[in-house]
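Please read the structure below before turning to the comments.
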Amino acid sequence: MLLLIIGVLLLTVFLWYRGIIIPNARAAIEYPIKGIDVSAYQGDIEWEQLQKQDMRFAFIKATEGSSFVDRHFETNWTNAKETDLRVGAYHFFSYDSEGKTQGQHFIKTVPADKESLPPVIDVEFYGDKEKNPPDHGEVKKELSTMVKMLEEHYGKRVIIYTTNKAYDLYIKNDFEECDIWIRDVFSKPSLPDDRAWTFWQYTDREQLAGYNGEESSIDVNVFHGDEKAFREYGG
């Protein structure tokens, strides 16, 4: 019996890893407007093909820290804009760089376009940061600086993408001027300060056609709103 249980568990993990089982799929059905987020890890992307798979929006990685630019950003941005997808760009926030220089870097890289989705700052842990989290006050200071810069330059509410742990430590009860994009690949999100989320990344294991990068899976998200709200969002 024990071996059977272990076998079932291992099979379940394997099916999840391959994207055959998506724990949140049923909960996500409640939100019909779906989209993807991509980076160079997805390689060359056939944007029209992705769009045909019921995708409505795409967030594309643009920058990281104060100097890194995703090598596929310019191509992805140009090609995605030629489809009917609503497109936005995101920045991977570095705890080791000033918010000002990160903001300048993103602004230099990402065009200001009224039709685009609002800019995104991705706040999560990397390296040893989860075991040794940066000081809350310092992170708030630098992140606030970048948020204000992007808000002023693009004329839109900034979106903060984050994980549950990073939200709890750095975002909770703060940054009310921003919209929240939360990652939770196992359960429907419920933010600890009872705040509403705007986007939800419900899986990082979806298998779609239309890309050929290092990663065979792709992140899929939903928008918290109906068709009218989505059309008006970020305007």
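Quick caveat, the model's predicted, so the values are computed rather than measured.
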Quick check: closest heavy atoms across [X] and [Y], and the distance to 0.1 Å?
X: His105; Y: Gly65; result: CD2-O, 3.5 Å
X: Trp47; Y: Leu85; result: CE3-CD1, 3.6 Å
X: Leu143; Y: Ile171; result: CD2-CD1, 3.8 Å
X: Ala28; Y: Val222; result: O-CG1, 4.0 Å

- [ ] Count the heavy atoms belonging to other residues, nucleotides or ligands that lie under 6.0 Å from CD of Glu48, then report whether that count exceeds 12.
- [x]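 12 or below, so no.
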With [X], which residues qualify under side-chain hydrogen bond (donor to acceptor under 3.5 Å, both in side chains), at least two apart?
X: Asp54; result: none
X: Ser187; result: Asp184
X: Tyr202; result: none
X: Thr162; result: none

Could you tell me whether [X] and [Y] have a side-chain N and a carboxylate O separated by less than 4.0 Å?
X: Arg157; Y: Asp179; result: yes
X: Glu74; Y: Arg71; result: no
X: Lys129; Y: Asp96; result: yes

Indicate yes or no for a side-chain donor-acceptor contact from [X] to the backbone of [Y] under 3.5 Å, with no hydrogens or angles considered.
X: Gln42; Y: Ser39; result: yes
X: Arg86; Y: Tyr233; result: yes
X: Lys156; Y: Leu150; result: no
X: Gln51; Y: Asp84; result: yes

Do [X] and [Y] sit in one hydrophobic cluster, given that two such residues count as connected whenever their side-chain heavy atoms are within less than 4.5 Å of each other, even indirectly?
X: Trp200; Y: Phe59; answer: no
X: Trp77; Y: Val69; answer: no
X: Ile33; Y: Leu50; answer: no
X: Met55; Y: Tyr90; answer: no
X: Val87; Y: Phe57; answer: no

TODO: Report the C-alpha separation of Gln207 and Ser217 in whole Å, then their side-chain angles, then the decisive distance to 0.1 Å, and conclude whether the side chain to side chain contact (heavy atoms under 4.5 Å, CB included) test is met.
DONE: CA-CA 5 Å; Gln207 305 286 320; Ser217 58; 3.7 Å; yes
Open item on the list: Just by distance, no angles: are the side chains of His91 and Gln102 close enough, under 3.5 Å, to form a donor-acceptor pair?
Closed with: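 Yes.
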Open item on the list: Under the rule for ring-ring contact (aromatic ring centres under 6.0 Å, His included), what residues qualify as partners of Tyr161, not counting sequence neighbours?
Closed with: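 Scan of Tyr161 (ring-ring contact (aromatic ring centres under 6.0 Å, His included), adjacent residues dropped) gives Trp181.
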Open item on the list: Please enumerate all residues that pass ring-ring contact (aromatic ring centres under 6.0 Å, His included) together with Tyr95, with sequence neighbours excluded.
Closed with: Phe93, Tyr126, Tyr170
When rounded to the nearest 0.5 angstrom, what is the spacing between [atom1] in [X] and [atom2] in [Y]?
X: Thr203; Y: Asn24; atom1: OG1; atom2: CG; answer: 7.5 Å
X: Glu206; Y: Gln201; atom1: CD; atom2: CD; answer: 12.0 Å
X: Asp193; Y: Glu176; atom1: CG; atom2: CD; answer: 8.5 Å
X: Tyr167; Y: Phe175; atom1: OH; atom2: CZ; answer: 11.0 Å

TODO: Step by step, work out the side chain to side chain contact (heavy atoms under 4.5 Å, CB included) result for Met149 and Lys100.
DONE: CA-CA 8 Å; Met149 290 177 67; Lys100 180 179 179 180; 4.2 Å; yes
- [ ] Would you confirm whether the ring centroid of Phe223 sits within less than 6.0 angstrom of the ring centroid of Phe199?
- [x]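 Here the rings of Phe223 and Phe199 have centres that are less than 6.0 Å from each other.
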Within the structure provided, determine whether [X] and [Y] are in side-chain contact (heavy-atom separation under 4.5 Å).
X: Asn164; Y: Asp168; answer: no
X: Leu169; Y: Pro133; answer: yes
X: Asp37; Y: Asp219; answer: yes
X: Val158; Y: Glu177; answer: no
X: Ile36; Y: Leu208; answer: yes

Show the atom names and distances, to 0.1 Å, of all donor-acceptor pairs under 3.5 Å that link a side chain in residues 115-125 to residues at least two apart or in another chain.
from   : atom 1 : to    : atom 2 : distance (Å)
Ser116 : OG     : Lys81 : NZ     : 2.6

- [ ] Please report the C-alpha distance between Phe73 and Lys61 in whole Å, then the side-chain angles of each, then the deciding distance to 0.1 Å, and finally whether the side chain to side chain contact (heavy atoms under 4.5 Å, CB included) criterion is met.
- [x] CA-CA 6 Å; Phe73 171 68; Lys61 183 173 183 180; over 6 Å; no
Open item on the list: My understanding is that only one of Ser94, Ser67, Ser66 makes a side-chain hydrogen bond (donor to acceptor under 3.5 Å, both in side chains) with Thr101; could you say which?
Closed with: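 Only match with Thr101 under side-chain hydrogen bond (donor to acceptor under 3.5 Å, both in side chains): Ser66.
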Task: All side-chain contact (heavy atoms from CB on, under 4.5 Å) counterparts of His72, not counting sequence neighbours - done: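 Per chain and number, His72 pairs via side-chain contact (heavy atoms from CB on, under 4.5 Å) with Ala40, Asp44, Asp70, Asn76.
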Open item on the list: Taking salt bridge (charged side-chain N to carboxylate O under 4.0 Å, His left out) as the definition, give me every residue that meets it alongside Glu30, ordered by chain and number, with sequence neighbours left out.
Closed with: Lys188
Open item on the list: Just to verify, what does Glu130 make a salt bridge (charged side-chain N to carboxylate O under 4.0 Å, His left out) with, not counting sequence neighbours?
Closed with: Lys165
TODO: Start with the C-alpha gap between Ile159 and Ile180, add the side-chain angles, then the distance that decides, and say whether side chain to side chain contact (heavy atoms under 4.5 Å, CB included) holds.
DONE: CA-CA 6 Å; Ile159 301 168; Ile180 300 300; over 6 Å; no
- [ ] Scan for side chain to side chain donor-acceptor pair (under 3.5 Å) pairs involving residues 223-232, sequence neighbours excluded, and state none if there are none.
- [x] Arg56-Glu227, Lys228-Glu232
TODO: Among residues two or more places apart or on two chains, list those pairs meeting side chain to side chain donor-acceptor pair (under 3.5 Å) that have a residue in residues 133-154.
DONE: Lys140-Asp174
